[in-house]
Protein chains: 4
Amino acid sequence: MLAPQAQTRRERRIAERQAQILEAAAIEFSQKGYGRATTREIAARADLSEGTLYNYFNNKQDLLSGVARTFADDITQKIAAIEADNIEDMMTQLLTDRFSSGRERRLFMLFLYEAPLNPDVQRIYVQEALYRIIDATEERFRQLIASGAMRPVDPATAAQAISATIMGFGALFELGRHARSKNGKEPFSAQTMGQEVTDLFFNGMRPAQDGN
Amino acid sequence: MLAPQAQTRRERRIAERQAQILEAAAIEFSQKGYGRATTREIAARADLSEGTLYNYFNNKQDLLSGVARTFADDITQKIAAIEADNIEDMMTQLLTDRFSSGRERRLFMLFLYEAPLNPDVQRIYVQEALYRIIDATEERFRQLIASGAMRPVDPATAAQAISATIMGFGALFELGRHARSKNGKEPFSAQTMGQEVTDLFFNGMRPAQDGN
Amino acid sequence: MLAPQAQTRRERRIAERQAQILEAAAIEFSQKGYGRATTREIAARADLSEGTLYNYFNNKQDLLSGVARTFADDITQKIAAIEADNIEDMMTQLLTDRFSSGRERRLFMLFLYEAPLNPDVQRIYVQEALYRIIDATEERFRQLIASGAMRPVDPATAAQAISATIMGFGALFELGRHARSKNGKEPFSAQTMGQEVTDLFFNGMRPAQDGN
Amino acid sequence: MLAPQAQTRRERRIAERQAQILEAAAIEFSQKGYGRATTREIAARADLSEGTLYNYFNNKQDLLSGVARTFADDITQKIAAIEADNIEDMMTQLLTDRFSSGRERRLFMLFLYEAPLNPDVQRIYVQEALYRIIDATEERFRQLIASGAMRPVDPATAAQAISATIMGFGALFELGRHARSKNGKEPFSAQTMGQEVTDLFFNGMRPAQDGN
DNA sequence: AATGAATGAGACTTCATTCAT
DNA sequence: TATGAATGAAGTCTCATTCAT
C-alpha cells in the first residue's frame, strides 16, 4: 500500500506541475505565438526556473504538444456534451460555443497554423480532435436526415461547412471584426451571432417562393 | 525622353528584383512559416546573396509585408472580378475561388495567424483586403435582398458567414481534410464542394415542409 | 538569516562576473576603441562565451556604460581623496594623478570621444564625474581666494583651465609626446611634469618686475 | 602645350572632386565619428555614387587620412599666421583660435582618439602638425625667455602646458561645458575665455605679495 | 527535484568594397 | 569616368537547452 500510494502522490505532483507549466505556456503561446514565446517567460509565468521546465517536458515543441492536447480534450468534451435532438439547437450550441474565450480562439488559430509545421499538433489537435468532431457531426447529420429532421443534403459536406463556418468565425473574431458595430446597433454578441447564423444555415438564403 | 526612359528601366529592374525576392519569400514563408523561414534561405531561393535582400527590403518583417501586399492585391482583384447577378453564381464563384492554390491557402493561414502579432499584416491583409471584401459582399447582399433575390436576412451577418465559411474551408483544405475520400468517392473537388456548399447556404438545411 | 546570506552570495557572484566582464571590456575598448572592439573578443578575454555576456549586460553599449561608471567612480574617489590646504600641493596632486595608468588615459580619451555620440557616457562620465570635479575645484578655488591664498582670478575659469590642462596632458601623454626626451634629459616623469606645470600656473609666465 | 594643359585640367578636376569628397567626409565624421559614419552617406552628401568615392580614395581609412591632412594643413597655417611679439598677444591668439568652429573641435577630438588606432592619423595630424606646433611654440618661448619677456621657466614644459590647455578647452567646449552660465553672467565667449586664461597663465595664481 | 548560469548555434542585419554596365 | 547593385564577411544579439550545484 505504501509504494503505490507514494507513487500516486508523486504522479499527482508531477501532473500538477505539468498542468501549471502548460497553463503558463498556453498564455504565452496565445499572446505571442509559438515562435515569439520564450521558455524563459513561460518558466517565469509558471513561477519556476527554466531548468525545471525541462524536468517535465523534453523541449519547447513538447510544451506546444501538451497545450494542444489539453485544448483538444477540452473541445472534444465540450462538443460531446452538446445535447440536442433538433438541428437548430445543435447548431446554435455549436456556433455559440466557439465564440467564448479569447485565449481559446487565439490558441485555435495557433494550432491551425502550426499543424502543417508540427506533426504532433497535426495529430493531437487536428486528427484526434477536429476531424473526430467533424465526423461526429456528419454522423449526427446522417441521423437527422434519416429521421426527416433535415433536408437530405450531403452530410459530409454539411458537417464540413458547419465546421468551416465555426472556424472562420473564430478567426474573424480574432481579427477584430466583431468589434465593428453595424448600423449603430451594438457590436455582435456571440449569442445573437449564433442565432442569426443558425437561421441562415437552417432556412437558407433563397427568397420565400409563392405564397410562402 | 531619355531620362524618363532610363528611370523607367531602372524602376522596372527594381520591381523585378523585388518580385523575385517576394516570390522566394512567399515560398519560404508558406512552407516554413514566418518564424522558421530564414533570410538565408530566402536569399538562396532568390539566387541572391543575403546582403542583396537588404538593398530591396529593410528587414524580414518588410518581406512579410511585401508578400502580404502582393496577395492582398491578388485576392482583392479576384473578388472584384467576380461577375454575378444571381446569388447562386456569386456564391459558387466565391467559394470555388479560394480553394485553388495550396501556397495561397498556406499564406492565407499565415496572414491570419500573424495579423494579431504584426500591425502591417493586420493593416495590409486584414483591413485593406479581407474587411473590404466582406463589406463589398455585404453591400451585394443588401442589393440582392432589395431586389427580392435573397431572403431578408441580416446582410452583415450573411456576409460574415459566407466569408467565415470560405476562410474555414481554406483552413480545412490546408489541414488535409480534403484528402479524405468519403464513401469511396473521389476526394473533394473544389468545384463540387463549391456547388454543394452553395446549395446548403441557398436552400438551407430545413426539411421541405408541407407538400413541398 | 539563510535567505539574505544566499542572496548575498548570489549577488556577490553576479558582481564578480560583472567586474570580470567589465575588466575585459575595459581592456578591449582601451586597445581598440569602442567600434573596433568586438563582443567576441571581450568574451574571449573574460574567458566566457559570448552569450554569457548578455546574461550580465543588455548590449554592447551597456558594456561601455559599465566601464564608464567604473572609471567615473574611480576618478571621483581619487579626486575626493586629495587633501591639500595650499594651492600648490593641490595642483601638484591633481596634475600628477592623471598621468598614471596608460589604460586609464586611453579610456579617458575614449569617453571624451564617445560622450557626444552616447548619452550614457555623457551622463555617467562627463556630467556625473567630470563636471562635478570641476565644480568642486571651483569651490576650492573660491575658498582659497577668500582666504587670500590665491589671487582673485575668476574661480570658474581657473577651475576649467586646470581641468583643461590636465585633460590635455592626458591626451598628449597618450599621443606619445611624453616619450620624447628633451635636451638629452630623461623623458618626462609625471612627478617632474606636475611640479613644473604647477609652478607655471602658480607663478605665471610674466617676468619678475622691478628689482625682483 | 596641349598635353600638359589637359593634364593640368584633369588634375584640377581630380583635386576638386577630392576636396568635394573630403568636405562631405569631414561633415559625416565630425557628426557621427569614424566608425558610425558610412561611405554611403558620405557619397550621398558629396552628391556622388559610392563607386566614385573609390575612384579617388582607396578606402575609408584614406578618407580619414585625407580629412586629417586638410585639417592639419589648416591648423598649421593658422598657427603660423599668428603674429605677436609679446607673450600676451600670442597666448590670447592661440587660445582664442581653437575655440572657434564646432566641427573643427569635433574633428580635433576625432583625430586625438583615432591617432593611436590609425598610424596615418598619428603621422599626419599628430606628428606633422601638433608636435610641430608645440615645437614651434617651445622655440618662441625660448626666444621670449632669452629676451627677458618671459620668466625663465622650462620652455618645453610651458609649450606643452599651453598646448594641453588649448586641447583640453577644445574638449570641454565639445562636451558642452561652455553652455553653463556662471553667476548669472552670459555663457562663456571664446574671446573672454581666452583673455581670462591668458591672464591666468601670464600672471599666475599666487596672491600678490607685500605692497603689491 | 530545483535552480539558473553557461553555452553556442544561428538568426538578422550592416556596410566597406568590387565590378559590370 | 560614373554608377549603384551585388557581395559576403563580420558583427550583435537571442534563446532553447544543458548541467553542476
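Every chain is numbered from 1 and lettered A, B, ... according to where its sequence line falls, protein lines coming before strand lines. Basis for what follows: all heavy atoms, side chains included, without hydrogens, waters or symmetry-related copies.
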Margin query: Does Arg40(D), at its CZ atom, have more than 12 non-hydrogen atoms belonging to other residues, nucleotides or ligands within less than 6.0 Å?
Written below: no
Check: To the nearest Å, how far apart are Ile14(C) CD1 and dG4(E) C1'?
Finding: 10 Å
Next item on the list: Remember a base hit wins even if backbone is also touched, and classify Tyr56(A) as base, sugar-phosphate or nothing at under 4.0 Å, heavy atoms.
Entry: sugar-phosphate
Next item on the list: Would you kindly give the CZ-to-P distance between Arg12(D) and dT1(F), to the nearest whole Å?
Entry: 16 Å
Check: Should Met109(B) and Met109(A) count as side-chain neighbours, where that means a heavy-atom distance under 4.5 Å?
Finding: no
Check: Just by distance, with hydrogens left out, do Gln61(B) and Asn118(B) show a side-chain donor and acceptor under 3.5 Å apart?
Finding: yes
Notebook entry, point to check: Between atom CD in Glu50(B) and atom C1' in dC15(E), what is the gap in whole Å?
Noted result: 14 Å
Margin query: Which is more 5' along DNA chain E, the nucleotide nearest Ser49(A) or the one nearest Asn55(B)? Just name the residue.
Written below: Ser49(A)
Next item on the list: For Tyr54(D) and dA6(F), give me the distance from atom OH to atom P, rounded to whole Å.
Entry: 18 Å
Check: Which part of the nucleic acid does Arg36(D) contact within heavy-atom distance under 4.0 Å: base, sugar-phosphate only, or nothing?
Finding: nothing
Checklist line | N or O in side chain of Arg10(B) less than 4.0 angstrom from dA5(F) OP1/OP2 | finding: yes
Next item on the list: Please determine, for the side chain of Lys60(C), which listed nucleotide (dT12(F), dA5(E), dA1(E)) has the closest atom?
Entry: dT12(F)
Note to self: What contact category does Ala44(A) fall into here, base, sugar-phosphate, or nothing, at under 4.0 angstrom with non-hydrogen atoms?
What the structure shows: nothing
Note to self: Looking at Arg17(C), I'd like to know whether one of its side-chain N or O atoms comes within less than 4.0 Å of OP1 or OP2 on dA6(E).
What the structure shows: yes
Margin query: Determine whether a donor-acceptor pair (one donor, one acceptor, N or O, separation below 3.5 Å) exists between the side chain of Asn59(A) and the base of dA16(F).
Written below: no
Item checked: Minimum-distance nucleotide to Thr52(D) side chain [options: dA6(F), dT3(F), dA5(E)] -> dT3(F)
Notebook entry, point to check: Do Gln31(C) and Arg45(C) come within less than 4.5 Å of each other through their side chains, counting heavy atoms only?
Noted result: yes
Notebook entry, point to check: Looking for any heavy atom pair under 4.0 Å, which part of the strands does Thr38(D) touch: base, sugar-phosphate only, or nothing?
Noted result: sugar-phosphate
Check: How long is the line joining CD1 of Ile21(B) and C1' of dA6(F), in whole Å?
Finding: 11 Å
Check: Within less than 4.0 Å of OP1 or OP2 of dC12(E), is there a side-chain N or O belonging to Thr39(B)?
Finding: yes
Next item on the list: Just call it for Ala43(B): base, sugar-phosphate, or nothing, with non-hydrogen atoms closer than 4.0 Å on any strand.
Entry: nothing
Notebook entry, point to check: Across the strands shown, which category fits Leu53(C) at heavy-atom distances under 4.0 angstrom: base, sugar-phosphate, nothing?
Noted result: nothing
Item checked: Residue matched to dA16(F) through Watson-Crick or wobble contacts both under 3.5 angstrom -> dT7(E)
